[in-house]
Asker: 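The structure follows.
We use all heavy atoms of the structure for the numbers below, so side chains are in, but hydrogens, waters and symmetry mates are not. Chain letters run A, B, ... following the sequence lines, proteins first, then strands; residues in each count from 1.
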Amino acid sequence: MASKQGLIAPRLPRGFEDRTSADIAATNEMIAKIREVYERYGFDPVETPFFEYTETLGKFLPDADRPNQGVFSLQDDDEAWMSLRYDLTAPLARHFAENFETLPKPYRTYRQGYVFRNEKPGPGRFRQFMQFDADTVGAAGPEADAEMCMMMADTMDALGLAGKYVVRVNNRKVLDGLMSWIGLGGPNGTTPQLDAKRLAVMRVLDKYDRLGVPGVKALLEQGRTDESGDFSPGAGLDWDQVSRILWFLTIRSEDYAVTESSRAAFNPILRLKPDGGGFFESDLLSAFENAYGSDAVFLEGVCEFRAMESMIEAAGYGDGRIRIDPSVVRGLEYYTGPVFEIELTFPVTNDKGQQVVFGSVGGGGRYDGLVSRFRKEPVPATGFSIGVSRLAHALKLTGLLGNEQPTGPVVVCVMDKDQKAGYQKMVAELRAAGIRAEMYLGNPKNVGRQFAYADQRNSPAVIIEGTQEREQGIIQIKDLIAGKQASRAITDNEQWKSERPGQFECRRDELVARISELPAVAAQVKKRG
RNA sequence: GCCGCCUUAGCUCAGUUGGUUAGAGCGCUAGAUUGUGGAUCUAGAGGUCCUCCGUUCAAUCCGGAGAGGCGGUACCA
């Protein structure tokens with residue numbers, strides 16, 4: 001869209017965002033905290049590029065010779081398709097397979113960076129956003145999965161979210177058992193109709209936390225009409241199948257409220273419901289076994305749950321931070337065992353004051369098949385991802401993430417145009433002491449303008465050395481923060497100017513020492529290391 | 001993708017039953033104040049009323065199409 005006079009209208013592409021210094025500071029703080037936890041767990045960083053060959057990402061459309069619409073793609077000189085990465089897992093699989101001979105195994109690694117998805121943006125959903133992943137490649141046992149869950153919990157705690165999230169855990173093998181139990185079992189590819197139906201049911205399970213029992217029931221049967229009047233077709237199951245699924249989904253949610261021992265948190269003990277109806281099994285996993293325990297794949301899943309449980313409890317995480325939740329499904333493509341998801345447990349209100357369903361801010365699981373696309377031998381892997389942009393968005397909306405502009409530089413005012421060398425010397429002294437500082441580079445025609453500039457930069461102080469000061473060998477330091485506080489009591493401009501709130505004088509050679517004493521400067525120096 | 005609502009100044013929003021010069025608050029610029037950021041006062045700049053097509057003597061307003069925004073829903077690695 002060209003504006004008048006042929007000028008180009010400056011427009012941000014939809015789904016993308018510019019980040020201010022305040023945003024960057026907040027994000028960096030989050031990243032540093034996450035990194036510290038991952039490194040403490042023994043993970044090392046690796047970085048892969050934004051672009052990969054599209055076949056690496058596995059996102060070619062099945063019927064056409066071009067990439068999926070959801071990814072940003074372009075063709076190289078030799079017509080090979082390249083795509084912007086849409087997650088950090090597929091590139092890791094490529095990196096691992098390509099460097100198989102030299103990497104330590106198990107390979108424990110973390111990486112953080114932007115990923116891109118070419119799809120409709122939503123609240124907290126952008127087309128470019130940051131993820132922070134950790135993965136263990138080459139470890140098949142549930143210890144690795146249990147560790148992922150604990151590390152997610154530690155990360156959320158480190159971000160100051162203790163008690164405000166839950167890591168929900170499920171297992172694909174248990175879900176497969178559920179499919180058998182309702183007559184939709186069997187390996188993939190038996191018949192296309194069966195695969196489609198299984199897929200449809202899994203998608204509905206994933207919506208349980210959002211739509212609840214009535215919504216899930218409608219979608220499993222005839223279909224559902226949403227708030228805008230749009231209709232989604234149902235999976236067409238019969239009542240027997242639907243009631244078994246609902247039992248499976250609600251088995252844990254019914255008794256969140258009645259669990260109090262720490263052991264019960266991961267694997268809740270079932271009780272009779274207050275009305276006397278319902279459950280009699282002693283715990284969730286036994287309940288699963290009693291319901292459809294003959295299925296071999298399912299039994300494997302329960303074994304993995306039990307192994308994870310013993311480690312999670314022994315390590316002290318059995319206090320409710322990590323919980324079994326049968327409604328966790330995650331992506332349909334590559335997960336093969338345990339799957340996890342981090343959910344925020346507090347309400348999120350958007351800029352317009354509406355309560356928004358925020359959903360998951362991270363998740364992952366075991367993907368034993370992903371590396372096999374590149375190598376013949378089986379390579380088990382498990383990992384998870386935190387949506388940094390998404391989490392930051394949620395925290396900002398909730399006021400849990402600071403949005404303050406970082407402290408600006410000390411501004412040395414230009415009082416006499418022929419003294420710029422002297423002002424620059426002051427700046428150099430401050431910088432040598434690790435203090436952010438600059439000489440005012442705009443039009444110095446009046447001091448007020450220079451102060452206003454410093455104010456806008458959120459500067460801690462300005463330095464004033466006019467002819468009078470220079471002749472006496474002194475300088476004026478104006479503490480802008482103290483001055484701002486004092487200004488609240490002053491309404492008269494004459495008084496404001498004559499009182500010079502926050503201002504004091506000192507000898508020229510005390511510049512660095514006196515500036516360093518200002519609390520805002522000290523805090524900044526400390527923060528910058 | 002599908003459904004609904006919305007789009008007027010940099011921002012938040014009034015307004016015109018279709019009629020000459022479309023307004024407010026905040027913000028911005030300048031001045032009161034050429035050595036003091038805030039506050040106050042004064043003045044000023046800033047609009048193809050989202051775009052295109054149609055109806056009309058006349059469209060920011062009515063009709064159609066499109067774009068963008070928001071919300072829901074679908075898909076989701």
Side-chain angles (χ1 to χ4, degrees), chain A residues 1-5 9-15 57-59 68-71 83 85-91 93 115-123 125 131 133 199-200 203-204 206-207 210-211 215 219 223-233 329-335 350-352 354-357 359-360 363-365 367 370 385 411 413-416 443-459 461-462 464-469 476 478-503:
Chain A
M1 183 177 24
S3 63
K4 56 182 175 181
Q5 297 153 5
R11 295 201 309 150
L12 187 62
R14 72 181 304 210
L57 302 177
K59 276 293 164 180
N68 187 301
Q69 290 207 318
V71 302
S83 298
R85 62 190 185 190
Y86 54 82
D87 70 12
L88 297 174
T89 311
V115 300
F116 303 83
R117 294 185 189 180
N118 190 4
E119 61 188 9
K120 193 193 106 172
R125 276 183 90 156
Q131 293 192 329
D133 286 31
L199 213 63
R203 284 180 185 139
V204 177
D206 206 24
K207 295 181 175 68
R210 195 154 44 82
L211 302 180
L219 282 173
R224 172 179 178 270
T225 305
D226 72 34
E227 291 158 41
S228 68
D230 197 24
F231 179 75
S232 317
V329 176
R330 300 290 300 165
L332 302 161
E333 292 208 8
Y334 58 63
Y335 291 116
N350 71 10
D351 325 299
K352 294 184 176 169
Q354 302 162 306
Q355 285 229 339
V356 176
V357 177
S360 122
Y367 50 98
L370 198 57
S385 173
V411 172
C413 294
V414 175
M415 307 300 291
D416 300 314
N443 182 351
K445 79 169 184 182
N446 72 55
V447 214
R449 187 189 290 260
Q450 304 190 42
F451 288 12
Y453 169 80
D455 196 44
Q456 197 179 5
R457 291 292 306 278
N458 198 26
S459 295
V462 293
I464 305 154
E465 189 208 47
T467 313
Q468 303 159 26
E469 286 86 3
Q476 303 279 343
K478 190 176 181 68
D479 179 341
L480 293 178
I481 293 161
K484 188 172 283 177
Q485 274 159 8
S487 78
R488 280 196 261 273
I490 305 174
T491 52
D492 176 64
N493 189 247
E494 289 308 317
Q495 185 194 0
W496 159 256
K497 283 201 298 190
S498 61
E499 269 187 27
R500 301 185 170 177
Q503 190 166 327

Asker: List for me each residue that meets salt bridge (Lys or Arg N to Asp or Glu O under 4.0 Å) alongside A/Asp455, sequence neighbours excluded, and say none if there are none.
Answerer: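 Applying salt bridge (Lys or Arg N to Asp or Glu O under 4.0 Å) to A/Asp455 gives A/Lys484.
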Asker: Using a 4.0 Å heavy-atom cut-off across all strands, classify A/Glu469 as base, sugar-phosphate, or nothing.
Answerer: base
Asker: Let me know the distance between NZ of A/Lys445 and C1' of B/rU29, rounded to the nearest Å.
Answerer: 11 Å
Asker: Can you sort out the partners of A/Phe451 under ring pair (Phe, Tyr, Trp, His ring centres under 6.0 Å), two or more places apart, ordered by chain and number?
Answerer: none
Asker: With rounding to the closest Å, how many angstrom separate the C1' atoms on B/rC13 and B/rU51?
Answerer: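 Straight-line distance between the two C1' atoms is 22 Å.
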Asker: Need to verify one output field. Residue with the more 5' nearest nucleotide on RNA chain B, A/Thr89 or A/Pro501?
Answerer: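 Nearest nucleotide further toward 5': that of A/Pro501.
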Asker: Could you state the CD-P distance from A/Glu494 to B/rU33, rounded to the nearest angstrom?
Answerer: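 Distance check: A/Glu494 CD to B/rU33 P gives 8 Å.
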Asker: Give the rounded distance in Å between these two atoms: NZ of A/Lys478 and C1' of B/rG37.
Answerer: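 That distance rounds to 7 Å.
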Asker: Examine B/rG37: is either OP1 or OP2 under 4.0 Å from a nitrogen or oxygen in the side chain of A/Trp496? Give yes or no.
Answerer: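 Yes.
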Asker: Would the base of B/rU36 count as contacting A/Gln503 through its side chain, where contact means a donor and an acceptor less than 3.5 Å apart?
Answerer: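 Present.
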Asker: Give one of base, sugar-phosphate or nothing for A/Ala454, where a contact means two heavy atoms less than 4.0 Å apart.
Answerer: nothing
Asker: Any side-chain heavy atom of A/Leu57 within less than 4.5 Å of one from A/Val71?
Answerer: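 No, too far: nothing below the 4.5 Å cut-off.
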Asker: For A/Arg117, give me all partners under salt bridge (Lys or Arg N to Asp or Glu O under 4.0 Å), at least two apart in sequence or on another chain.
Answerer: none
Asker: Check every atom of B/rA74, B/rG37, B/rG35 against the side chain of A/Met415 and return the nucleotide holding the closest atom.
Answerer: B/rG35
Asker: For A/Glu119, give me all partners under salt bridge (Lys or Arg N to Asp or Glu O under 4.0 Å), at least two apart in sequence or on another chain.
Answerer: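 By the salt bridge (Lys or Arg N to Asp or Glu O under 4.0 Å) rule, A/Glu119 matches A/Arg125.
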Asker: Give one of base, sugar-phosphate or nothing for A/Asp87, where a contact means two heavy atoms less than 4.0 Å apart.
Answerer: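 If one applies the 4.0 Å heavy-atom cut-off, A/Asp87 turns out to touch the sugar-phosphate alone, with no base involved.
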Asker: For A/Leu57, which contact category applies under a 4.0 Å heavy-atom criterion: base, sugar-phosphate, or nothing?
Answerer: nothing
Asker: Please give the distance between the C1' atoms of B/rC50 and B/rC41 as a whole number of Å.
Answerer: 38 Å
Asker: Hey, does A/Gln450 have a side-chain heavy atom less than 4.5 Å from the side chain of A/Val462?
Answerer: no
Asker: Please report, rounded to the nearest Å, how far the C1' atom of B/rG35 is from the CD atom of A/Gln476.
Answerer: 10 Å
Asker: B/rA74 C1' sits how many Å from A/Asp206 CG, rounded?
Answerer: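 Distance check: A/Asp206 CG to B/rA74 C1' gives 13 Å.
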Asker: Starting the side chain at C-beta, find the nucleotide from B/rA77, B/rU36, B/rA74 nearest to A/Leu219.
Answerer: B/rA74
Asker: Base, sugar-phosphate or nothing for A/Gly466? Non-hydrogen atoms, less than 4.0 Å.
Answerer: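 Result for A/Gly466 = base.
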Asker: How far does the C1' atom of B/rC62 sit from the matching atom of B/rU17, given to the nearest Å?
Answerer: 12 Å
Asker: Scan side-chain atoms only and decide if A/Tyr453 and A/Arg449 contain a donor-acceptor pair under the 3.5 Å cut-off.
Answerer: no
Asker: Strictly below 4.0 Å: does A/Arg203 bring a side-chain N or O up to OP1 or OP2 of B/rC75?
Answerer: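 Yes, because at least one side-chain N or O of A/Arg203 sits under 4.0 Å from OP1 or OP2 of B/rC75.
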Asker: Just need the stems in RNA chain B: three or more back-to-back Watson-Crick or G-U pairs, each with both distances under 3.5 angstrom, sorted by first number.
Answerer: B:1-7 with B:67-73, B:10-13 with B:23-26, B:28-32 with B:40-44, B:50-54 with B:62-66
Asker: Does the side chain of A/Thr225 reach to within under 4.5 Å of the side chain of A/Phe231, using non-hydrogen atoms?
Answerer: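 Yes. Closest side-chain heavy atoms under 4.5 Å.
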Asker: Heavy atoms only, 4.0 Å cut-off, all strands: where does A/Arg117 land among base, sugar-phosphate and nothing?
Answerer: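 Counting heavy atoms under 4.0 Å across all strands, the contact made by A/Arg117 includes a base.
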Asker: Using atom C1' in both nucleotides, what's the gap between B/rG64 and B/rC57 to the nearest angstrom?
Answerer: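 Result for the C1' pair: 23 Å, nearest Å.
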Asker: Any side-chain N or O of A/Arg224 less than 4.0 Å from the OP1 or OP2 oxygen of B/rA74?
Answerer: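 The answer is no; no side-chain N or O of A/Arg224 sits under 4.0 Å from OP1 or OP2.
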Asker: Give one of base, sugar-phosphate or nothing for A/Gln450, where a contact means two heavy atoms less than 4.0 Å apart.
Answerer: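 Result for A/Gln450 = nothing.
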Asker: Below 4.0 angstrom from OP1 or OP2 of B/rG37, is there any side-chain N or O of A/Arg500?
Answerer: no
Asker: If the C1' atom of B/rU8 is compared with that of B/rC49, how far apart are they to the nearest Å?
Answerer: 4 Å
Asker: I want to check something: taking the side chain as every heavy atom from C-beta on, are A/Leu219 and A/Ser232 in contact at a cut-off of under 4.5 Å?
Answerer: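 Yes; the side chains approach each other to less than 4.5 Å.
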Asker: What's A/Ser385 touching, base or sugar-phosphate or nothing? Going by heavy atoms closer than 4.0 Å.
Answerer: nothing
Asker: Can you work out whether A/Gly15 or A/Glu465 has the more 5'-proximal nearest nucleotide on RNA chain B?
Answerer: A/Glu465
Asker: Using the P atom as the point on both nucleotides, what is the distance between B/rG63 and B/rU56, in whole Å?
Answerer: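 B/rU56 and B/rG63 have their P atoms separated by 16 Å.
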Asker: Separation of A/Phe451 atom CZ from B/rU36 atom C1', in whole Å?
Answerer: 4 Å
Asker: Describe the nucleic acid contact of A/Glu119 in one word from base, sugar-phosphate, nothing, applying a heavy-atom distance below 4.0 Å.
Answerer: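 Counting heavy atoms under 4.0 Å across all strands, the contact made by A/Glu119 includes a base.
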Asker: Nearest whole angstrom, please: distance from the P of B/rA32 to the NZ of A/Lys497.
Answerer: 10 Å
Asker: Using the P atom as the reference point in each nucleotide, state the distance between B/rG44 and B/rC6 in Å, no decimals.
Answerer: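 To the nearest whole Å, 37 Å.
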Asker: What residues, two or more places apart in sequence or in another chain, satisfy side-chain hydrogen bond (donor to acceptor under 3.5 Å, both in side chains) together with A/Lys497?
Answerer: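 Residues passing side-chain hydrogen bond (donor to acceptor under 3.5 Å, both in side chains) with A/Lys497: none at all.
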Asker: B/rG71 P sits how many Å from A/Arg210 CZ, rounded?
Answerer: 14 Å
Asker: If I pick the P atom on B/rA32 and the same atom on B/rU36, what distance separates them, to the nearest angstrom?
Answerer: 11 Å
